[in-house]
Trainee: 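One structure, pasted below without further comment.
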Amino acid sequence: MKALLWRDLQLAIRAGGGFGLSLAFFLIVCTLVPFGVGADGGQLSRIAAGILWVGALLSCLLSLDRIFALDHEDGSLDLLATAPLPLEGMVAIKALAHWLTTGLPLVICSPVLGILLHLPGAAYPWLVLSLTVGTPALSMLGAFGAALTVGLRRGGLLLSLLVLPLYVPTLIFGAETVRRGLMGTEVTTPLVFLAGITFATLALVPFAAAAALRVNLR
Amino acid sequence: MKALLWRDLQLAIRAGGGFGLSLAFFLIVCTLVPFGVGADGGQLSRIAAGILWVGALLSCLLSLDRIFALDHEDGSLDLLATAPLPLEGMVAIKALAHWLTTGLPLVICSPVLGILLHLPGAAYPWLVLSLTVGTPALSMLGAFGAALTVGLRRGGLLLSLLVLPLYVPTLIFGAETVRRGLMGTEVTTPLVFLAGITFATLALVPFAAAAALRVNLR
Amino acid sequence: MIELGKYATTVLSAYGISLVLLVAIVLQTVRANARARRALEEYDNRG
Amino acid sequence: MTLISVRDLAVARGGLRVIESLDFSLSGGQALVLRGPNGSGKTTLLRTLAGLQPAVAGQIDCPPDSIAYAGHADGLKPALTVSENLSFWASVFGGPAIGPALVAMNLTELTARPAHTLSAGQKRRLGLARLMVTGRPLWLLDEPTVSLDSNSVALFAAMLRAHLAAGGAALVATHIDLGLPEAGLLDLTPYRANLTRRDDRPAGFNEAFA
Amino acid sequence: MTLISVRDLAVARGGLRVIESLDFSLSGGQALVLRGPNGSGKTTLLRTLAGLQPAVAGQIDCPPDSIAYAGHADGLKPALTVSENLSFWASVFGGPAIGPALVAMNLTELTARPAHTLSAGQKRRLGLARLMVTGRPLWLLDEPTVSLDSNSVALFAAMLRAHLAAGGAALVATHIDLGLPEAGLLDLTPYRANLTRRDDRPAGFNEAFA
Amino acid sequence: MSIWEYANPVKFLRASGIVLPWIVAGAALCTVVGLVWGFLTPDDYRQGATVKIVFLHVPAALMAINAWMMMLVASLVWLIRRHHVSALAAKAAAPVGAVMTLIALITGAIWGQPMWGTWWEWDPRLTSFLVLFLFYLGYIALWEAIEDPDSAADLTGLLCLVGSVFAFLSRYAVNFWNQGLHQGASLSVAPGERMSSVYRYPLYVSMLGFFLLFLALVLIRTRTEIRRRRLAALLAREHRA
Ligand code: HEM
Ligand SMILES: Nc1ncnc2c1ncn2[C@@H]1O[C@H](COP(=O)(O)OP(=O)(O)OP(=O)(O)O)[C@@H](O)[C@H]1O
Ligand SMILES: Nc1ncnc2c1ncn2[C@@H]1O[C@H](COP(=O)(O)OP(=O)(O)OP(=O)(O)O)[C@@H](O)[C@H]1O
Ligand SMILES: [Mg+2]
Ligand SMILES: [Mg+2]
């Protein structure tokens, strides 16, 4: 288990795919939006929370196919499936590695991007908190999507299509938390829902993902 | 040449990667944004044009790695490079195939998504026109990025990082065209710039992309 | 001591962050250079 | 000690049976060479035995966690070095140290090379060395000698022989001669599924029509 | 007619020379079998001759558009059927019809099968059939018989012989016996680059340090 | 003697070894003097103490652009004449340029807070710098991602070429998109018209310091890269032999 986590992190760093890149993508998405919608500060600050959450979600999404596809192509997945560790554990480890290399850096850097988008000051703690609570669910659901599409050549787009609808509840509660925190209204409800979704996802989805992997291996 | 174009289109349709999927991604991005920023109609209609352009750009981006990576993995690229057609032509054809399967469907369906985002009526012709003029440049620049990263395993995220900054001028002029069209101010300037960028890109970038491919093949 | 007035934090943080960044790139450069030089010398001494 | 025994096995690929009524068993010290023309179902059989796909009919008895499978792909990470690749598999399988495996497949000079800079045959040698660090007794090998030169084939035969001597067993699908005269031979041609008869022995959807 | 002639060629991989001072030439009707242990540079040589990578030194003379290369990968699209795959390459190279090629490699029964449902050997056969539809006189083949059973190897040898009889030529890197006694043999071992001397005969960056 | 002789790594190492101490000394002197002098300048009547930021902000901004220019030239030299040192110099300059861009961005942001009442404004100047920063990131990431050094040099060179054109285009696009708050280039205006000599001279010194600092860093980093390449080549040869 530890060996697998370590290898995945190592690969993420070596292959130039790791920490930096998904962060850079996040940065770019957040830069592009003002180019599209115009630079009016007031308007930007109103949509900032939503854009940040959507950006985080998209940059998480783009690195999903790394989770299983490479291992499938080079045959590692076959070998891992015959190894003495449960497939569910393997899925969980791989989702964890994905979160460590993608979600965590996003959480850490989101305040900087908040500045770019004129996110009002009161929203920062809620932004960071909601992302911390929500992004693990994104990685885990993404691992499920990746497991579903692993046999397909270049399933990238299909993967997005499958995973994005699953992300909707997380996105809604996450963005709502920030918006409420910003307006000073009650924040616990969306946050509790967000946490609930994350815990349920972490507890249950590994089994579904492992089942999907088993089907795709045969 | 024709055979190559035909094969690429066929593959896009068969492999379940083509028309449908990037369109669906576009749809999903456009539906996620209201979840993120809140469903206030007036605000949505102000940012609609920008969101549509950014969405088009992202869904274009997601299918870029299809352009060369698969052909590289299965050895087709080596064989195409020894075939009696210039590499520049091959790049152009592949970018064309990408546009036909990604850009064109987006252009055709953008009005529908405009409705979802409450895009005001006056903007529709300009939205379609600017996307028609601008998306070919996106495909061509994407092909350049894909050629740069083709040797790398799973260069997806890196590809985005390289390509998105190149998209900035196109995005700005494209979204500006729609915004001006909407406000009824003078629209020709951004449109001319947009067309200029597209033509220059189509004329020059194939050479850079072919050079990059040659380097990656050796 | 010079008087920075109400802008003290602004000016000091600008100088502080910039100097940190400059020192970081300088240190990284010098360290990497020393490491590369040492590695090459080791190789040459080995034969 | 019997490491695997197969009774009346049928395996399917793409919804069609390819092999039927196969019986064999293998105990420690034995090797079996699997033969059959292209498309006769060697890969399918090995994947089924390894537990990667379900059997259509029949029974496979083997102790849990005793199989090491090596397919057409080697399971190497291009970005990791030879020794990193090998250590990873050693720690996943909880197998022995990687030193002897490196020696056995003549990889000692390549230990620090990233796997993507290896030639086809060097990659394959690394893929085979992985078998030794799994510590599993039963090896299922699918065309292990592809791309190997004759020296390396000899190395592989020696490694296989040592494995057998240590009480292991191996089932090897191959088209060439391994230089392993003591190994038994299992030709799949007689077990080829008879697909002309229409309504019996289905593999999947068809059973609904039986 | 000389199809390719190579003089004092040096090829490099990963910034290092692997083969040096290689001379040979090949005319219509001739075949040459390339031998050498794993990592001796067969693949590198063939890719250089095919124009996929530049030579470090020396000269390669061959008429333009005369080479068909077949590497470790077959260039097949999994989603396309056997005949679609073959027709595509035929029209890209402007070569002859695909019928004879299908017959030559015994693929007629598989024409309508998508390539991803083929077994390893069937894929390889399709990859080899591609050579016939390129219409190119000089074939550069890198381990063409990998995964082929003995019948298919014989088919391949027959195809090669027909190609030679029609005035073509072939350079074949392989570790096994092709059953082609008339072919010449080129062992790469004597041409292996001498890397012990430190500062001369560089391949790339080192020249600056010479 | 042609200038291309210095494209020989050995000659380059020797020559750069001779001038480097002087450049380092000059860089240290000018940077320290410029910044300290700048820090001690009197407050501006409008901007108060914040003018002191200009001595960091402007030199960094200038060097950020110049570094990219230098990378472009070096990439062209590599692509056309295939001198390894120039490819390595381009590689060496990128992180330094990125840091300069970052300093310009951060000092600008900090300055913007009191002056414009906001950390960040989508002003064309600032925005085009952000885009430039993205180009730096992409360029560095591409170098990191490609294993074979010659291929990496070729591909990053191509990226630099195409990227320069598009960075330039972005600059104009951004101008067109949003008219900003940022002041124009005052240095090109007649001296004294906008900036009194109290600020001008320390600014010049500081700019020279940043320039020399950039030069020194690029030289050292190029030497590092050359040594790394040399060692890697020797080791690879040893492994293979
Ligand atoms: C993130 C933000 C910023 C960036 C990227 C940026 C960029 C630049 C650049 C590129 C220059 C060089 C101009 C030249 O000499 O041609 C410059 C100069 C200058 N900037 Fe900024 N700037 C930023 C924010 C600010 C802010 C907030 C202020 C103050 C209110 C400011 C004040 C100045 C001044 C006074 C100069 C020097 C005068 C001149 O040469 O024009 N900048 N900046
Ligand atoms: N994904 C698939 N879908 C449908 N049929 C398949 C699929 N993969 C293989 N087949 C078919 O199943 C049969 C058995 O294939 P298998 O790969 O087991 O053969 P094999 O004996 O390993 O052949 P080879 O020696 O060529 O590797 C073949 O006829 C093949 O065409
Ligand atoms: N990408 C690479 N970077 C560095 N070195 C490489 C790379 N690819 C191959 N090599 C090395 O170059 C040498 C020649 O490799 P090549 O693939 O040409 O050998 P080969 O004769 O085809 O071997 P095989 O019979 O195993 O296919 C080998 O020593 C190999 O380790
Ligand atoms: Mg097989
Ligand atoms: Mg080879």
Side-chain angles (χ1 to χ4, degrees), chain B residues 50 134 137 140-177 179-180 186 189-194 196-198 200-201 204-218, chain F residues 68 72 75-76 78-80 82 87 94 98 101 122-124 126-180:
Chain B
M140 194 65 237
L141 286 173
F144 173 62
L148 282 181
T149 55
V150 70
L152 309 172
R153 329 225 98 224
R154 199 69 29 164
L157 218 43
L158 178 62
L159 176 58
S160 327
L161 180 56
L162 297 180
V163 165
L164 280 179
L166 298 178
Y167 281 178
V168 167
T170 307
L171 171 63
I172 289 180
F173 289 122
E176 188 68 20
T177 304
R179 226 175 301 119
R180 291 206 178 179
E186 187 252 6
T189 326
L191 203 55
V192 165
F193 275 115
L194 189 63
I197 290 176
T198 301
T201 305
L204 300 176
V205 174
F207 296 93
L213 269 188
R214 270 194 208 97
V215 172
N216 268 326
L217 282 180
R218 67 176 184 227
Chain F
W68 186 272
L72 176 60
S75 300
L76 281 173
W78 158 250
L79 289 177
I80 295 167
R82 304 204 81 72
T101 316
W122 291 92
D123 161 278
L126 320 197
T127 308
S128 55
F129 256 62
L130 191 57
V131 173
L132 181 64
F133 186 59
L134 295 179
F135 274 110
Y136 273 119
L137 287 185
Y139 182 86
I140 296 171
L142 192 60
W143 262 111
E144 293 303 318
I146 302 169
E147 205 90 14
D148 179 63
D150 278 358
S151 307
D154 281 329
L155 296 174
T156 51
L158 283 169
L159 178 69
C160 186
L161 219 65
V162 176
S164 301
V165 175
F166 277 82
F168 195 72
L169 277 177
S170 308
R171 178 90 183 86
Y172 281 90
V174 160
N175 254 333
F176 179 85
W177 163 70
N178 189 12
Q179 315 299 335

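Throughout, a chain's letter reflects where its sequence line sits, starting with A, and its residues are numbered from 1.
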Trainee: Please name the pair of heavy atoms, one in B:P165 and one in F:S170, separated by the smallest distance, quoted to 0.1 Å.
Mentor: O-OG, 4.4 Å

Trainee: Can you tell me how far OG1 of B:T170 sits from CZ of F:F166, rounded to the nearest 0.5 angstrom?
Mentor: 6.0 Å

Trainee: Taking atom CZ as the centre, does F:F133 end up with more than 12 heavy-atom neighbours from other residues, nucleotides or ligands that are less than 6.0 angstrom away?
Mentor: yes

Trainee: Counting only heavy atoms closer than 4.5 Å, note whether B:Y167 contacts chain F via side chain, backbone, both or neither.
Mentor: neither

Trainee: For B:L162, run the side chain to side chain contact (heavy atoms under 4.5 Å, CB included) check against F:L159, F:V162, F:L137, F:L155 and tell me which one passes.
Mentor: F:L159

Trainee: State the OG-CG distance between F:S151 and B:L217, to the nearest 0.5 angstrom.
Mentor: 10.5 Å

Trainee: Looking at F:G163, F:G157, F:A167, F:A173, which has the largest count of heavy-atom pairs under 4.5 Å with chain B?
Mentor: F:A173

Trainee: Considering only heavy atoms, which portion of F:L79 lies under 4.5 Å from any heavy atom of chain B: side chain, backbone, both, or neither?
Mentor: neither

Trainee: Could you pull out all residues at least two apart from B:A211 that satisfy side chain to side chain contact (heavy atoms under 4.5 Å, CB included)?
Mentor: F:L158

Trainee: Is it the side chain or the backbone of B:R180 that comes within 4.5 Å of chain F heavy atoms, both, or neither?
Mentor: side chain

Trainee: Given a strict heavy-atom distance threshold of 4.5 Å, which part of B:L171 is in contact with chain F: side chain, backbone, both, or neither?
Mentor: neither

Trainee: As an exercise: rank B:L161, B:L166, B:L164, B:L204 by heavy-atom pairs under 4.5 Å with chain F and give me the winner.
Mentor: B:L166

Trainee: Do you know which of F:L169, F:D154, F:L134 has the most heavy-atom pairs under 4.5 Å to chain B?
Mentor: F:D154

Trainee: Tell me, for B:I197 versus chain F, whether the close heavy atoms (under 4.5 Å) come from the side chain, the backbone, both or neither.
Mentor: side chain

